Amino acid sequence: MSPPHVTSLPRPPTAGEKAVDVTFRHGTFAVGLGVLGLLALIVVEIGGVAAPALREQGLQFLHGETWDANQQVYGIRPQIWGTLYSSTIALVVGGVLGIAVALFISQGFLPRKLELLLKTVIELLAAIPSVVYGLWGIFFVLPALRPVTEAIHDAFGDFALFSPRSAGPNLLGGSLVLAIMILPTVTAVSRDAFAAVPGKVREAAFGLGATRWECIFGVVLPTASSGVFGALVLAFGRALGETMALAMLLGNRNEFSWSLFAPSNTLASLIANTFPEATGTERNALMCAAIVLLLITLAVNVLGTLILARTNRRLRGLA
Amino acid sequence: MSFRKSALSTFVASTLVASAMLPSGCGPSQDSAEVSLSGSGASFPSPLYTTWFGEYRKAHPTVRIDYTSKGSSGGIKDVMEGVVDFGASDAAMTDAELEEVARLRGRGVRMLPMTAGAVVIVYNLAGVSGLRIPRETLASIYLGEITRWDDPRLVAANPDIALPDLAITEVHRADGSGTTYAFTNHLASISDAWANGPGVTTSPNWPAEGGIGAKKNDGVAAMVKQTPGAIGYVELSFANQSGLPTALLQNRAGKFVPAAIPNIQAALAGTELPANLRLFLPDPAGADSYPIVTYTWLLAYESYPAAKLAALQEVLKWCLTDGQRFSERLGYAPLPDAVASRVIEVVGSLHAE
C-alpha cells in the first residue's frame with residue numbers, strides 16, 4: 001500500500017509550464033488571425049482580378065440584365081435576383097418543414113429509438129452529393145411538377161407569377177429541390193435547440209395545465225428560438241452558395257423574371273458554368289460576380305448574428 | 001601466381017568492357033524509356049481521342065498520353081501557358097492567339113485537323129420522327145421568332161407529320177463551347193438576323209425567350225429528353241447515345257439530309273484546306289452535304305525535345321491512318337484521304353528543338 005499521491009501542490013508554475021501556456025495562447029491567437037488573414041487574402045486575390053471589370057462596367061454591373069461576352073457587357077441583376085429568390089423560397093419551404101420535423105422527433109411524439117433513427121436518416125440527406133440532387137430533380141421532380149405547374153398556369157396564367165407555361169426547368173422546381181437540400185441543416189440544428197430546452201421548464205408548463213400544443217408553441221419554441229434562428233441563417237447561407245443542383249435545374253437563363261415558372265440563374269451557377277471557358281474581360285466580370293456573392297453571404301450572416309443578439313437580449317429581458 | 005593474376009585481370013577487364021558495351025549494343029533499353037505526353041482541350045472529340053490514345057498505348061506500351069477534356073478555350077489557354085504538350089480546339093485558333101503563343105512560348109503552333117463531326121438538332125416530340133427543318137426556320141426558332149411546333153412554316157415543311165400544339169423550348173449550352181461555335185457559325189451563314197445579332201461565338205447571348213441553358217453535350221441531351229417540346233443541338237455521338245431523334249436539315253442545295261456519316265463526308269469532300277489547315281465549313285455545298293459540320297483541331301507546337309517529337313509524330317501519324325477506322329463507330333467522320341495526307345505532311349514538318 002503506497003502513500004496517497006499528492007497531485008497538486010500549492011507552488012508557483014514552473015518556467016516550463018509558463019512557456020507552454022504562453023506558446024499555446026500565442027499559437028491559438030495566430031491561428032485565429034490566420035483565418036481572418038485567409039479571408040482577406042481571398043478577397044484581395046479575387047478583388048484584384050475583378051477590379052478592371054468593375055471599373056469598366058461601373059454600376060451597370062449590378063443592375064444590368066445582359067451577360068454577353070461578345071459585346072463585353074456584363075450585368076448580374078438576373079443572377080442576384082435568382083440567387084435570392086430561389087434561396088428564399090427554399091428557406092420558407094425547407095424552414096417550415098425542417099422545424100416541423102425537428103419538433104416531431106424531439107417532443108416525445110415517437111418512441112426514443114424511432115426518434116434517433118429518423119434523426120440519423122435526415123442527417124444522412126446532408127451526405128448526398130448535390131449533383132445527385134440535380135439528377136433527381138431532372139428525372140423526378142421536374143416531370144412530377146409539370147402537370148401541377150401547367151394546371152396552375154392554365155387557371156391563373158394572367159398573373160406574372162405564373163406566366164410562362166413552363167415545360168422544362170424552372171425556378172420553382174429548383175427551389176423545391178434546394179429546400180430538401182437545406183432540410184438536414186434546419187432539422188439537425190433546431191432539433192438540438194429543442195432538446196436543449198430544460199425538461200423542468202416543460203414539466204412546469206404541463207404542471208400549469210398546458211396542453212402539448214400549448215407547451216410546444218408557448219414554451220419550447222420561444223425558448224429555443226435563438227437556436228432555430230441560427231439554423232435558418234445557416235441554411236440560408238448554404239442555399240445561397242449551392243451551385244451544381246441549381247445549375248442543372250434552374251435552366252441557366254440570364255433573364256430577370258418575377259415568375260415562379262420561368263427559367264432562372266444564380267451567381268454560383270453562372271460562375272461554375274462560364275468560368276472554365278471564360279477569357280479576358282469575362283473572367284474579370286466573373287470574379288466581380290464572385291465578390292458580390294461573397295458580400296451577399298456575408299451580409300446574411302452578419303444580419304443573422306445581429307438579429308440573434310437582439311432576440312437573445314429581449315428574451316433575457318422578458319425572463 | 002603471376003599468370004593467374006594476369007588471367008584474372010584480363011577476365012575482369014573484358015567483362016567490364018562487355019557490360020559497358022551492352023546497353024548500346026543490344027538495342028531495347030534506350031527505347032523502353034517511357035515517353036509521356038499530355039494534352040487538353042475540346043470535349044467534342046474527346047471520346048475519339050481517348051479511344052485513340054488507349055488503343056495506341058496497347059500497341060506501344062512505352063508511350064503514355066493523357067488527354068484532359070476541358071473545353072476548347074481551356075485547351076488554347078493551356079497551349080499558351082505551355083503546361084501541356086498539345087492542345088485541342090473545335091474553333092482552331094485565331095491569328096491573334098497564334099501570335100500570342102509564338103511570343104509567349106518562343107515556338108509556333110500548327111493546327112492539325114484530326115477528325116470531323118456534325119452538330120445535330122435533337123427534339124422531344126412524342127411519336128414524331130424524321131422532322132424536317134428548313135434553313136430560315138432553324139434560325140427563326142433560335143431567334144425566338146417561331147415559338148410553337150405547329151407554326152405554319154414547320155407544318156409546311158412536314159406535310160406528313162401531325163405537329164402538336166406545343167410551345168418550343170429552346171435548349172442551348174450554358175458553358176462556352178466549340179459545338180456552339182460551329183452551330184452559330186452555321187446560323188450566321190443562313191440568317192442575316194443571326195449574323196448581325198448574336199453572331200458567331202462560343203457563348204452567344206441567346207435571344208429566344210424562355211430558352212434554357214444546360215451544361216455540356218450530355219446536359220443538353222438530358223434536358224431535351226426530359227422536356228416535352230424541347231429542341232437542342234448536340235454533337236452527333238451524344239444524340240446517338242441518348243436515343244433522341246435527329247432532325248433532317250436543309251442544306252445549301254435545298255435538300256433535306258439526315259445527320260449520317262456519309263452526309264458529313266459529302267460535306268467534307270471537295271473542300272480545299274488552306275496552308276494553315278484552318279477551314280470552317282459554315283454552309284457546305286453539295287447535294288448530299290449535311291449542313292453543320294466542323295473539323296476539330298489538335299494544336300501541336302512546331303518544335304519539341306527529340307524524344308517527345310518522335311513519339312508524338314508516331315502517334316499522330318497512327319491516328320491519321322489506322323486510327324481513322326475508330327471514327328465512324330464513335331460518330332465522327334473519317335478524314336478524306338487528301339486531307340489526311342496533307343496533315344501527315346505537316347506532322348512530318350514538326351522538328352526537334
Side-chain angles (χ1 to χ4, degrees), chain A residues 65-75 131 134-135 137-147 150 153 163-170 173 243-244 246-255 257 259 261-265 269-280 282-283 286, chain B residues 40-43 69-77 80 89 91 97 100 124 147-148 166-178 180-181 184 197-216 219-220 222-232:
Chain A
E65 292 194 19
T66 313
W67 186 277
D68 191 337
N70 312 300
Q71 320 281 337
Q72 309 212 335
V73 178
Y74 306 103
V131 62
L135 287 175
I138 288 183
F139 291 106
F140 177 74
V141 177
L142 290 182
L145 208 59
R146 194 172 301 132
E150 284 179 352
H153 170 81
S163 76
R165 196 176 193 274
S166 158
N170 56 62
T243 310
M244 197 58 207
L246 291 181
M248 294 165 82
L249 294 172
L250 284 190
N252 301 303
R253 181 84 195 153
N254 299 328
E255 205 171 74
S257 167
S259 172
F261 298 167
S264 180
N265 204 355
S269 307
L270 173 80
I271 296 167
N273 273 327
T274 322
F275 189 76
E277 292 268 319
T279 47
E282 189 173 26
R283 198 162 257 257
L286 284 170
Chain B
S40 71
S43 54
S69 154
K70 55 159 67 166
S72 299
S73 318
I76 292 173
K77 208 180 300 166
M80 280 188 184
S89 165
E97 284 164 345
E100 183 79 359
N124 181 338
T147 58
R148 303 199 71 80
L166 187 65
I168 297 177
T169 304
E170 175 261 312
V171 183
H172 54 256
R173 289 284 289 273
D175 47 332
S177 153
T180 305
Y181 185 88
T184 53
V200 181
T201 156
T202 55
S203 56
N205 189 20
W206 298 94
E209 198 177 330
I212 287 162
K215 204 167 162 61
K216 300 275 169 201
V220 172
M223 196 52 83
V224 170
K225 200 161 188 172
Q226 289 303 316
T227 311
I231 187 170

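Please read all numbers here as calculations on a predicted model, not as lab measurements. Lettering follows sequence order; numbering is per chain, from 1.
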Minimum heavy-atom separation for A/L142 and A/N170, please, with both atom names. CD2-N, 4.3 Å
Below 4.5 Å from any heavy atom of chain A, which atoms of B/A174 appear? Answer side chain, backbone, both or neither. both
Looking at residues at least two apart in the chain, or sitting in another chain, which of them share a side chain to side chain contact (heavy atoms under 4.5 Å, CB included) with A/E255? A/R253, B/E209
Among A/I138, A/L270, A/L135, residue most engaged with chain B (heavy-atom pairs, under 4.5 Å): A/I138
Min side-chain heavy-atom separation A/T66-B/N205 under 4.5 Å: yes
Those residues that, when tested against B/S69, pass side chain to side chain donor-acceptor pair (under 3.5 Å) (two or more places apart): none
Look at B/G211, B/P198, B/G71 and state which one has the largest set of heavy-atom pairs under 4.5 Å with chain A. B/G211
Verify the distance criterion only: is there a donor paired with an acceptor across the side chains of A/N70 and B/T201 at less than 3.5 Å? yes
Portion of B/T202 that has a non-hydrogen atom of chain A nearer than 4.5 angstrom: neither
Check each atom of A/P169 against the heavy atoms of chain B and say whether the ones under 4.5 Å are side chain, backbone, both or neither. both
Answer with side chain, backbone, both or neither: which region of B/K225 has an atom nearer than 4.5 Å to a non-hydrogen atom of chain A? neither
